[in-house]
Structures are given as C-alpha cells and as structure tokens.
Amino acid sequence: MKIFDTLSRDKKAFVPIEQNKVKIYVCGPTVYNYFHIGNARPFVFFDVVRRYFLYKGYEVTFVQNLTDIDDKIIAQAQKEDVDISKITDKYIKAFFEDTKALNIMPADENPKATDYIQEMIDFLAKLEKLGYAYAVDGDLYFEVSKFADYGKLSCKKLEDLRAGARVEANLSKRNPADFTLWKSSKPGEPSWKSPWSVGRPGWHSECVVMSQDLLGENFDIHGGGVDLTFPHHENEIAQAEAVTGKQFVNYWMHNGFLNIEGEKMSKSLDNFFTARDILKQYDVDTIRFFFLSKHYRSPIDFNKKIMQESKVAIHNFISALNSVDYLANREQIEKSDLLEEEVATFVEAMDDDFNTAKALAVLFGVARKIKKESDSEALRFQAAYTLVHLGRVLGLFSKLEEQIQGLDKTVDETALEGLESQLIELLLSYRNDAKTEKNWALADKIRDDLQKLGLKIVDTKDGARIER
RNA sequence: GGCGACAUCGCCAAGUGGUAAGGCAAGGGUCUGCAAAAUCCUCAUCCCCAGUUCGAAUCUGGGUGUCGCCUCCA
C-alpha cells in the first residue's frame, strides 16, 4: 500500500507504527455554521481511507476534532447576540447529522478544543520553557526562527515568507511569521486563566495537543485540505517536534480543493452550498460518487452537469443489481464467491494512494457482467455480490433496499401522497384504456402532460411506472 | 514578487518508458404503436517546440495556458 506524503512529496509504502494498527487524525470543522460541500470532500474521502484500512484488516483509530473556540465562532455569537455555546451546540449537532447523512462513519473520538484548555496551557508552558515561545502583553507567540525545520511541510523558506507577507506587520512579533499560541481576550469574550493572560488558545495548538493525547506523540496519518498545509499543519509540526524532539506524523495527506462551476466557492459569489442543502438535491451515493470519481489530490469542480452524470452512474449500478433481482435473491447472491480478478484490480487501485477513480472503473466492469444475460446466473450473482461488496468499501449502497425499491416503484408506491397519487393512477388507467383502443393521440397527450409536471412515465412489461 | 501543482476524446477521468481504462454525451442497431427505459455496437495518440531513448502521454529543457499557497479557510 502506497500513500503520497506531503512532507516527503513522494508516494511511500505504508508501514504502520504498530503492526496491523493505524492511527488517523483529520482536522474537523470549526462549528460556527453548517459545513459546506467543500468541507464535505475531506470528510468523505478520509471516511473512505478509514473504510479501506478496515477492509484490509487494520485496527483503525480515527480522531477528528471539533473546533469550538475561535474568532469566527465569537463573531457569529455576537452577530446572533447569543451565548457562544448556543452556536457551538447547534452546529456540532448539525455536523453529526450531516456526516451521518453522508454515510460517514462516526469517528472513534471527536475531541473538543474547550475540553483541552488545561492540556493546551501545559503544552504551551513547555514550549515557553524550552525557549520556543515568548510572551508580549498577554499574548504568547511561537518563534519560528528557533525551529530549524520550519517550512519543511509546505516547502517554504522563512525569507520567502517574509518577502511575501501581505499582512499588516504585528509590531509585537519578533518575526512576521511567528504565530499566536495564546491570545488575550477582550471583555465579554470567552476566556480562561493562564500564566500569560486571561484569554484563549490559538487554533494551531489544539490539533497538536488533542492528537497527541489520543494517538501518541508520533502517529501514522494526519489529514486535511491542502489549504491547511500552510500555516496550520506547518505550525503543528513546529510545536509538536519542538517539544518531543521526534517526528510528529509519518504520513501527511492533503486533499485538493473543490470549486463551484470553475470558481472558488465564496459567499460573495453566491455559490456557497452547504452539504445539508446538497443532500436535499442529490442522494448520498451520488454525492460520494462525485467525490470519488476524481483523485483526491486533484482539484474537483462541482456543477450540475457532473452531478447529473454521477446520478446516472449510480443509477446504472442499481439497475444492474435490479436486473438480478438482488433483494429477492439476496440470500443466495450473498453466498456467492467474489470475482477474484476484479477484487484484485480494485485493491491494486486503492493500494496506489487511494486511486478511487480507477477503483470505480472496476465497479463499472462488474456491473456490465451483472447485466450480461449471456452470463450464467451463478456468474451474474457473483458479479452482483462483488459490486455490493466493493461498493461498500467506498461507503456506497448504504440505502440499497430503498434504492432498489425506488427503481421498482410503480405509481402507487411513489413518494407521492394521498389524493395526488390516486389522481395520477387514474390518469394512467385512462392512458392504458386509450392504448387498448389504440387511441395513441390521447395516450401520448396524457404522457406528455404528466411529463410537463415533472413526472416521467416509464413503460415496462408490468405496466407504467412514474419517476420524478 | 516568492513557492508549488496541473494541462489526456464534446465533457468528466485513469494511465509515470513499451504502444491510450472507465463514465457521461453523441451516432448506429434491437425492442416499443411512438417515445422513454432496457440492451448491443461505434467513437482520442495525449497543449506547443526541441531533446534523451530501439521506443515517451509518461523523462529533460524551453514556451503557452490554468490553478493553489504565501492572510481565516477543507
């Protein structure tokens, strides 16, 4: 198994610290809003990483933090004129709801920053004692020039950083690149007592302290979006390695950015979509397929067309399963052997730095085998089992029963309710009568008019069904 | 200005030295009263130029273009 490590800029063979165990830390959300479709990418991707390690027989410890103290949260609380906990409680709850809806496995631990204040203070005191931190007027800074390897993750040199600094120089810092470890609070802001001031910890310290507490001073994988490489992860390394003197993380994994219709997502462009909203328009599998159809390190573009394609792709898988009456034959199908060659190709793709796009191609090949009527039933059953088996490694088919039943929907089973459903059924029966009388004009008119209302008629040998 | 990526069929996307996976769309056939659905078939020499090599989409150099980071950000 090979993983691209941002630090060494190379695909490296994965060697766990402890035999057969893997410890993963992924930067979680700052809980001041519903998370957006761009945030969803790492959440879904690292869920697949985790599922794949489990599939390979590893014991996985998966930690994802919740940043519940931060300037943005404070700003949001002031804006809504409520207590900060009101904001964080609301969006932590929403985070769990939305990740569940995306079929993301719950983390083993979701540490909150506010539960680690004392640990962070202790940690920062160590940094200060070791000479890596200095205090000015109640604020504590990390002195980057003291850490020789600073910049190794993001390939930046201190001189370059200085030259490119666009931020207003903070005069109390010794070097513009020094970052805040502890910040004194203004009246009314949430705060904790510390040796430096009454204040709050900086964002960069929380991930170090929590990950090391739960996973150890050196652990296997640390993940997040590329934008976190600098400064967040760079700063984590500096702090962690300054204190322990040993390597912090063995593999740094960063996913590429998500754009919307070719543009960066932003509130000002009015192209800001929460995962919650997207879930109303597309089902989980469509969304997961969309993310997985491109390699995780590449940028990906979110647009209507690509989502439609993803939807069709998932539909193909489901219709393949439907062609062998998966639900009816489930018991027998799930006793079948897996298609070894396809499984091997899938594993090979995933072993190569989680090449999910290639892995999905295997699923299409398997789907073709399911549908091929010239294949024996036994082979088609094997293929069907293989599709579901591999799909589940990617977190697909979590609602298989519903999806298959969805395809089988006849008019009285649609999501339409009560009278509406009865009226449509009535119209369909008229159309059926018209067809019997070979009154094609009337039959087609009913079909066309229903279509105008967004109801697509699909004729099957067992009668018509409606698709929305 | 500094640093780092990327550029493959109409669109999305694998492929890191041995002769271009897959998906969508499109075109054609079967089926159907017609259509849809379903199903079968067809469909690229890899941004440009110059090198290295028996051989390059894959390596090197130079262009051109796109993007990211350098500031809170997945």
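Lettering follows sequence order; numbering is per chain, from 1.
Spacing of C1' atoms, B:A14 relative to B:A57, comes out at 12 Å, to the nearest Å. Across the P atoms, B:A50 and B:U58 are found 14 Å apart, a figure rounded to whole Å. Look at the C1' atom in both B:A5 and B:A44: the space between them is 25 Å, to the nearest Å.
In summary, of the residues considered (A:D68, A:D70, A:T114, A:I73), a side chain to side chain contact (heavy atoms under 4.5 Å, CB included) with A:I84 occurs for A:I73 alone. Of the options A:F290, A:F257, A:F291, a ring pair (Phe, Tyr, Trp, His ring centres under 6.0 Å) to A:F302 is made by A:F290 and by none of the others.
Counting only distance, with no hydrogens or angles, the side chain of A:E234 and the backbone of A:F230 share no donor-acceptor pair below 3.5 Å. Judged purely by atom type and a 3.5 angstrom limit, A:D10 has no side-chain atom pairing as donor or acceptor with the backbone of A:K12.
Counting distance only, with no hydrogens placed and no angle test, the side-chain atoms of A:R447 and the base atoms of B:C34 include a donor-acceptor pair under 3.5 Å. Put simply, the side chain of A:D227 and the base of B:G68 share no donor and acceptor less than 3.5 Å apart.
When every heavy atom of A:I457 is checked against every heavy atom of A:R431, the shortest pair comes out as CG2-NH1, 3.7 Å.
Using a 4.0 Å heavy-atom cutoff across all strands shown, A:R9 reaches sugar-phosphate atoms only and no base atom. Nucleic acid contact for A:H232: none, since no nucleic acid atom lies under 4.0 Å from a heavy atom of the residue.
Along RNA chain B, the nucleotide closest to A:N39 and the one closest to A:R431 are compared, and the more 5′ of them pairs with A:R431.
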Tabulate protein N/O versus nucleotide N/O from nucleotides 38-41 of chain B, keeping only pairs under 3.5 Å, one per line.
| from | atom 1 | to | atom 2 | distance (Å) |
| --- | --- | --- | --- | --- |
| B:U39 | OP1 | A:K371 | NZ | 2.9 |

Which side-chain N or O atoms in residues 435-442 of chain A pair as donor and acceptor under 3.5 Å with protein atoms at least two apart or in another chain?
| from | atom 1 | to | atom 2 | distance (Å) |
| --- | --- | --- | --- | --- |
| A:T436 | OG1 | A:N432 | O | 2.8 |
| A:N439 | OD1 | A:L442 | N | 3.3 |

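Partner assigned to B:G61 is B:C49, using Watson-Crick or G-U wobble distances below 3.5 angstrom. With a 3.5 Å ceiling on both atom-pair distances, the Watson-Crick or G-U wobble partner of B:C67 is B:G4. The partner of B:U16 cannot be assigned: no Watson-Crick or G-U wobble pair with both contacts below 3.5 Å exists in any strand. Pair assignment for B:U42 gives B:A26, based on Watson-Crick or G-U wobble hydrogen-bonding distances that are each under 3.5 Å.
Looking at residues 344-362 of chain A, you'll see A:N355, A:A357, A:K358, A:A361 sit with a heavy atom under 4.0 Å from some atom of RNA chain B.
Across B:C72, B:G22, B:C70, the shortest atom-to-atom separation from the side chain of A:F364 is found for B:G22. Checking B:C70, B:A36, B:A74 against the side-chain heavy atoms of A:V458 singles out B:A36 as nearest. Comparing B:C34, B:C11, B:G33 by their nearest atom to the side chain of A:D459 picks out B:C34. Side-chain proximity of A:K435 to B:C24, B:A35, B:G33: nearest is B:G33. Between B:C69, B:A35, B:C24, one nucleotide has an atom nearer to the side chain of A:E309 than all others, and that is B:C24.
Remark: A:R174 is not positioned above the aromatic ring of A:Y141, lacking an NZ or CZ atom under 6.0 angstrom from the ring centre and at most 45 degrees off the axis.
Comment: A:K100 does not engage A:E97 in a salt bridge, judged by the lack of any side-chain N to carboxylate O separation of less than 4.0 angstrom.
The distance between atom CG of A:L390 and atom P of B:G22, rounded to the nearest whole Å, is 18 Å.
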